[in-house]
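Please read the structure below before turning to the comments.
Counting convention: from 1, in listed order, for ligands and their atoms alike. Being a predicted model, the structure only gives us computed values, none of them experimental.
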Amino acid sequence: MEIRKVGVIGCGLMGSGIAQVAATAGIPTVVREVSQELLDKGFGSIEKSLSKFVEKGSLSAEQKTQTLGRLKPAMNLKDFADCDLVIEAIVENLDRKKELFAELDKIVKPEAIFASNTSSLSITEMMTATRRAPRFLGLHFFNPVPLMKLVEVVKTVVTDPAAVETGLEYGRKVGKTPILTSDRAGFIVNRLLVPYLLDSIRALEEGAGSIEDIDNGMKLGCNHPMGPLTLNDFVGIDTTYYIAEIMFNEFREKRFAPPPLMKRMVMAGMLGRKSGKGFYDYSDPKNPKPNTLLIR
Ligand SMILES: NC(=O)c1ccc[n+]([C@@H]2O[C@H](COP(=O)([O-])OP(=O)(O)OC[C@H]3O[C@@H](n4cnc5c(N)ncnc54)[C@H](O)[C@@H]3O)[C@@H](O)[C@H]2O)c1
């Protein structure tokens, strides 16, 4: 199926990027938010991101104008009726997502494909809110969407192979490398990454090394661009904690269980870079220092 028009629901961090890459790939894209203010904010960040590509020389000023011209802001779901693909990127809340998909299902043409960008919720469970199970899948993009090359295409046990193929093809069309996975909590990337992030916290708790030595171990010993405790701070301790809880509930395996220190950091509001303190103290953001409160 050729994707001639895309709909993106939610124009926050992820939705704005998802809309941007669709429009950059030449596809007319309609984007929904819950208020004019949030639409303006989302379109503002798209404009800013496109300008950076122009500055770097990877996009011409004319291409930027054309890309913006393909993006249509919307508040009414009726504007999505003739979309071939609708990608949902609203808050990570199952009830809110199911409610939205049920509503969309009544409005959007039946042959269109629905996709969710969820990081941790079940695609299958969302699918049950619609009558288009064979045309329901996950398209899990990575942050920041315009820069990150990966998209996980998630199939359920009932996704039609033709819809899966369309998902993979769409990923390629918007300049990503798609990988195919099935609907299990964490898909591929978080299934491997989350236990590693949790283990780095356990290593600290057990006294395997200092914050800096654990990070330097993985940076210099494995050539990772950043250490795991720094990465925990980047992602947000609360976000990883929430995803780990969902994965632990799904698999009931110890390696997905959030360590006690992590839970306490979340309760205390030490959420990483965004709150100014996590495994590092970001009082001077350009020169983070290990958080002395965590050092025994
Ligand atoms: N942030 C990440 O790094 C990341 C990475 C991959 C996937 N995700 C997933 O992407 C989704 C969105 O995450 P985000 O970080 O962009 O969140 P965000 O809070 O930045 O954006 C969500 C936006 O959705 C809007 N919204 C809520 N209900 C809506 C509705 N009914 N219609 C239209 N808009 C609505 C909100 O106003 C908000 O602006 C979540 O499911 C998240 O798990 C996030």
Side-chain donor-acceptor contacts of residues 76-83 below 3.5 Å, not counting sequence neighbours, with atom names and distances?
from	atom 1	to	atom 2	distance (Å)
Asn76	OD1	Lys78	N	3.0
Asp82	OD1	Lys5	NZ	2.7

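Under 4.0 Å is where a charged nitrogen must lie from a carboxylate oxygen, and between Asp199 and Arg202 at least one such pair does.
Screening Leu271, Asp215, Thr240 for a side-chain contact (heavy atoms from CB on, under 4.5 Å) involving Asn232 leaves a single residue, Thr240.
Here the CD atom belonging to Glu47 is positioned 3.5 Å from the NZ atom belonging to Lys64, to the nearest 0.5 angstrom. Residue Tyr170 holds its OH atom at 4.0 Å from CD1 of Ile87, rounded to the nearest 0.5 Å.
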List ligand 1's nitrogen or oxygen atoms that come under 3.5 Å of a protein nitrogen or oxygen, with the partner atom and distance.
from	atom 1	to	atom 2	distance (Å)
ligand 1	8 (N)	Ser119	OG	3.2
ligand 1	10 (O)	Asn117	ND2	2.9
ligand 1	16 (O)	Leu13	N	3.4
ligand 1	16 (O)	Met14	N	2.8
ligand 1	20 (O)	Leu13	N	3.0
ligand 1	28 (N)	Arg96	NH2	3.0
ligand 1	32 (N)	Arg32	NH1	3.1
ligand 1	37 (O)	Glu33	OE1	2.8
ligand 1	39 (O)	Glu33	OE2	2.5
ligand 1	41 (O)	Ile90	O	3.3
ligand 1	41 (O)	Glu92	OE1	2.5
ligand 1	41 (O)	Lys97	NZ	2.7
ligand 1	43 (O)	Glu92	OE1	2.9
ligand 1	43 (O)	Glu92	OE2	3.4
ligand 1	43 (O)	Ser119	OG	3.1

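A donor-acceptor pair is defined here as one N or O able to donate and one able to accept, closer than 3.5 Å; such a pair exists between the side chain of Glu250 and the backbone of Ala185.
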